[in-house]
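Read through the structure below, which is laid out as structure tokens, and then see the notes.
Nothing here was measured: the structure is a model prediction, and the numbers come from that model. The chain is numbered in sequence order, starting from 1.
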Amino acid sequence: MTYRPVNAGSNTVSNPLRILEVVARFGTGTTAKEITDTLQMAPATAYRMLNALVGDEYLVRTSDLRGFALGHAISGLITAATPPNVPTAARAVIEEFRRGNRFTVHLFMFRNASLRIADEDPYYPLRSAYEMLRYPHASAAGKLMLAELDDLSASLPGGQLAKLTAHTITNRAKLEEQLEEIRFNGEASEVNEMEQGSSSLALPVRMPNGSVGAALCLSGPSERFAAIYEHADAGRELTVQLAPLLF
């Protein structure tokens, strides 16, 4: 039989993704023949890619060794592509809190050693959203997340830490010292580190096992950080309300 790709744009990069799509569509037990027939792919090509996907744990073999199922490594891709689920009740208590203070209030959740925007303040949208997600060492929410990690390399690439402003911490030893303080104090802050003229306080929302799964952030002008901090106790009360709603 002569095999041809489903479309002319298929290549060695897209083919493994197409195999994963077939397994996701057909479900646990999808056979190699079903994959080759669906994709019109040569068996030798399919088996080579299937073995690679199994080796990287994107796929697993079923117990009878006759088929395949999605592996645990795929969960990271699914999580990254899926927005955090924030229940209506949680959004309601956050909104009530926003109405009671003069500062910006955002909720971030921690997923696979990365920050995810869970509930953005509709009145004061994030001005540096990309920077917050990309450079966690420069934000209060990011540092709160980093303080939970055993291995910072999962969130911070090797080499020099990015310097976003003159106040951004770029020395790893100094960052480690600050993370230790965050663990002890149960809060994180930044002033002029993410963006000149801005500041933020991040308070932990804890999961049932005590680990931190989200950050409630109060933000505003850097010269008003002392006033922001006056709302810390009220913010902590809110995190206690949010915990059972989120986790």
- [ ] Quick one: closest heavy-atom pair of Q196 and T165, and the distance?
- [x] N-CG2, 3.6 Å
Open item on the list: Distance check, rounded to the nearest 0.5 Å: I94 atom CD1 versus L107 atom CG?
Closed with: 4.5 Å
Task: Short side-chain donor-acceptor distance under 3.5 Å, T104 and D121 - done: no
Open item on the list: I'd like to check the salt bridge (charged side-chain N to carboxylate O under 4.0 Å, His left out) partners of E131; sequence neighbours left out, ordered by chain and number.
Closed with: none
- [ ] Using only heavy-atom distances, determine whether the side chains of S114 and N112 contain a donor-acceptor pair under 3.5 Å.
- [x] no
Open item on the list: Determine whether L156 and R172 satisfy the following criterion, side chain to side chain contact (heavy atoms under 4.5 Å, CB included), listing intermediate values before the conclusion.
Closed with: CA-CA 10 Å; L156 298 177; R172 288 179 181 269; 4.1 Å; yes
Task: Other residues, nucleotides, ligands: >12 heavy atoms within 6.0 Å of Y47 OH - done: no
Open item on the list: Is there a side-chain contact between V23 and L53 in this structure, where contact means two heavy atoms from C-beta onward sitting under 4.5 Å apart?
Closed with: no
TODO: Using a strict cut-off of less than 4.0 Å between a Lys/Arg side-chain nitrogen and an Asp/Glu carboxylate oxygen, indicate whether E180 and R183 qualify as a salt bridge.
DONE: yes
Open item on the list: So does M41 get a backbone contact from the side chain of T36, meaning a donor-acceptor N/O pair under 3.5 Å?
Closed with: no
TODO: Report the distance from atom CE of M132 to atom CE of M194, rounding to the nearest 0.5 Å.
DONE: 5.5 Å
Open item on the list: Count I, L, V, M, F, W, Y as connected when their side-chain heavy atoms are under 4.5 Å apart, and connections chain through other members. Are V22 and L20 then in the same cluster?
Closed with: yes
Open item on the list: Just verifying a value: how many Å separate Y229 OH and L218 CG, rounded to the nearest 0.5 Å?
Closed with: 11.5 Å
Open item on the list: For the residue pair Y135 / E193, report whether a side-chain donor-acceptor contact shorter than 3.5 Å exists.
Closed with: no
- [ ] Nearest 0.5 Å please: distance from the CE atom of M207 over to the CG atom of L246.
- [x] 11.0 Å
TODO: Step through the shown structure and confirm whether more than 12 heavy atoms of other residues, nucleotides or ligands are within 6.0 Å of CD on E95.
DONE: yes
- [ ] Find out if a path of hydrophobic residues (ILVMFWY) with successive side-chain heavy-atom gaps under 4.5 Å connects L126 to F110.
- [x] yes
- [ ] List the atom of N51, the atom of R61, and the distance in Å for their closest heavy-atom pair.
- [x] OD1-NH2, 3.0 Å
TODO: Ignoring hydrogens and angles, state whether a donor on the side chain of S199 or S222 is under 3.5 Å from an acceptor on the partner side chain.
DONE: no
TODO: Applying side chain to side chain donor-acceptor pair (under 3.5 Å) between K143 and each of E181, H137, Q178, E190, report the one that passes.
DONE: Q178
